[in-house]
Asker: 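Please see the structure below; I have some questions.
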Amino acid sequence: MSVASSPLIFCALDTPDLAQAKAWAEEIGPVTGALKLGMEFVNAYGPQGIEAVQNAAPDAALFIDLKFHDIPNTVAGAVSAVCQRFSPAYLNVHAAGGTEMMQAAKDACGTQSKLLAVTILTSLNQDAIRLVGYQHELPDQVTRMAKLAQDSGLDGVVCSAMEIEQIRSLCGNEFDLMVPGIRPVGAQTQDQKRVMTPEEALGKGASHLVIGRPITGAANPAQAAQDILDSIGKDAVA
Ligand code: C5P
């Protein structure tokens with residue numbers, strides 16, 4: 001599926017079990033219209049794993065979340081390989097790779113795919129980024145990197161719900177904000193430290209939500225996905 005039809009919720013298929021990933025894809029893919037595969041899954045099952053999920057949910061858009069970070073030529077090669085084989089709706093790189101790397105990645109990105117940047121990982125706090133060598137306050141560092149990604153031609157960023165408003169006001173309405181750490185009202189937060197409901201995140205300006213365990217951990221994942229869509233009064237595809 002191309003990005004033209006822009007699904008709202010990417011369901012994170014986080015499992016070390018290929019059969020489980022395929023079963024979720026079959027069940028959830030038709031409801032959300034979009035799925036996310038990350039580096040644990042892809043490193044365990046490789047391109048064949050991605051293909052298996054794509055075959056299980058042929059109409060679902062894919063976000064291949066591998067967060068590439070290397071020299072421009074190498075990242076461009078990786079992006080090109082992923083786009084040629086899978087035409088994902090989204091894939092991503094680290095903004096810390098710099099402008100030249102992001103531009104090379106964007107140039108290598110197929111026309112069917114959008115490229116997002118990871119700014120500062122949400123697992124890092126102020127002290128941690130100081131140790132790495134970043135001198136700015138964390139929110140400022142995040143927005144600087146989002147702007148750098150935009151200026152490098154990228155289509156958006158992955159960001160926490162707490163960062164949506166600042167990035168949206170700096171980068172404008174056309175910039176995609178893919179937001180994880182989302183929990184429906186009453187859902188368990190698990191290891192997510194700061195969560196927001198789908199409605200709040202969309203109200204603040206998120207364009208897409210990444211939701212995993214509130215869907216995949218439910219007794220009926222397809223129903224859980226549908227309930228979330230109903231709660232925000234939206235169809236799967238914006
Ligand atoms: O199960 P849950 O809804 O917490 O899953 C969120 C997904 O988004 C996971 O795949 C996780 O790796 C990813 N993610 C995140 N926080 C970030 C970046 C990615 O939770 N800052």
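Just so you know, ligand 1 is whichever comes first in the structure, and atom 1 is the first atom listed for that ligand. Residue numbers count from 1 along this sequence.
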Asker: For atom 18 (C) of ligand 1, which of the options Ala12, Gly38, Ser123, Pro180 provides the nearest non-hydrogen atom?
Answerer: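 Comparing heavy atoms across Ala12, Gly38, Ser123, Pro180, the nearest one to atom 18 (C) of ligand 1 lies in Pro180.
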
Asker: Kindly indicate whether the side chain of Leu170, heavy atoms from C-beta on, has any atom under 4.5 Å from the side chain of Gln166.
Answerer: no

Asker: Is there a polar contact, in the sense of an N or O pair closer than 3.5 Å, between Asp65 and ligand 1?
Answerer: no

Asker: With only distance considered, is Lys67 within less than 3.5 Å of ligand 1 through an N or O on each side?
Answerer: no

Asker: Have a look at Arg213, Gln192, Lys193 and point out the one with the heavy atom closest to atom 20 (O) of ligand 1.
Answerer: Gln192

Asker: Please examine the side chains of Cys159 and Val142, heavy atoms only from C-beta on, and report whether any two atoms are closer than 4.5 Å.
Answerer: no

Asker: Which protein non-hydrogen atom lies closest to atom 12 (O) of ligand 1, naming both residue and atom, and how far is it?
Answerer: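 Checked against all protein heavy atoms, atom 12 (O) of ligand 1 sits closest to Lys36 NZ, 4.2 Å.
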
Asker: Which atom pair, heavy atoms only, marks the closest approach of Ala21 to Leu13?
Answerer: O-CD1, 3.8 Å

Asker: Is it the case that the side chains of Ser80 and Gln84 hold a donor-acceptor pair, with the cut-off being a distance below 3.5 Å and no angle test?
Answerer: yes

Asker: Taking only heavy atoms of Asp14 into account, list the atoms of ligand 1 that are under 4.0 Å away from them.
Answerer: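 With Asp14 as reference, the close atoms of ligand 1 come out as 9 (C), 10 (O).
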
Asker: Restricting to non-hydrogen atoms, name the atom on Gln126 and the atom on Leu138 that form the minimum distance, rounded to 0.1 Å.
Answerer: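 Gln126 and Leu138 have their closest heavy atoms at OE1-N, 2.8 Å.
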
Asker: So is Asp191 polar-close to ligand 1, meaning N/O to N/O under 3.5 Å?
Answerer: no

Asker: Please classify the Gln190 to ligand 1 contact at 4.0 Å (heavy-atom distances, strictly less than): side chain, backbone, both or neither.
Answerer: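 None of Gln190 does.
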
Asker: Linking I/L/V/M/F/W/Y whenever any side-chain heavy atoms sit under 4.5 Å apart, do Leu8 and Leu177 land together?
Answerer: yes

Asker: Of all the non-hydrogen atoms in the protein, which one sits nearest to atom 3 (O) of ligand 1, and at what distance?
Answerer: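 Minimum-distance protein heavy atom for atom 3 (O) of ligand 1 reads Gly212 N, 2.8 Å.
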
Asker: Note the single closest protein heavy atom to atom 2 (P) of ligand 1, along with its residue, its atom name and the distance in Å.
Answerer: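 So the nearest neighbour among protein heavy atoms is Arg183 NH2, 3.5 Å.
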
Asker: Between Tyr90 and Asp176, do the side chains contain a donor N or O and an acceptor N or O under 3.5 Å apart?
Answerer: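 Present: a donor and an acceptor within the cut-off.
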
Asker: Aromatic rings Phe10 and Phe63: how do their planes relate, parallel, tilted or perpendicular, breaks at 30° and 60°?
Answerer: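 Geometry flag for Phe63 against Phe10: perpendicular rings.
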
Asker: For Val210, take its heavy atoms, then give the atoms of ligand 1 lying under 4.0 Å from any of them.
Answerer: 7 (C), 8 (O)

Asker: Relative to atom 21 (N) of ligand 1, which among Thr216, Val118, Thr122 owns the nearest non-hydrogen atom?
Answerer: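 When every heavy atom of Thr216, Val118, Thr122 is considered, Thr122 comes closest to atom 21 (N) of ligand 1.
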
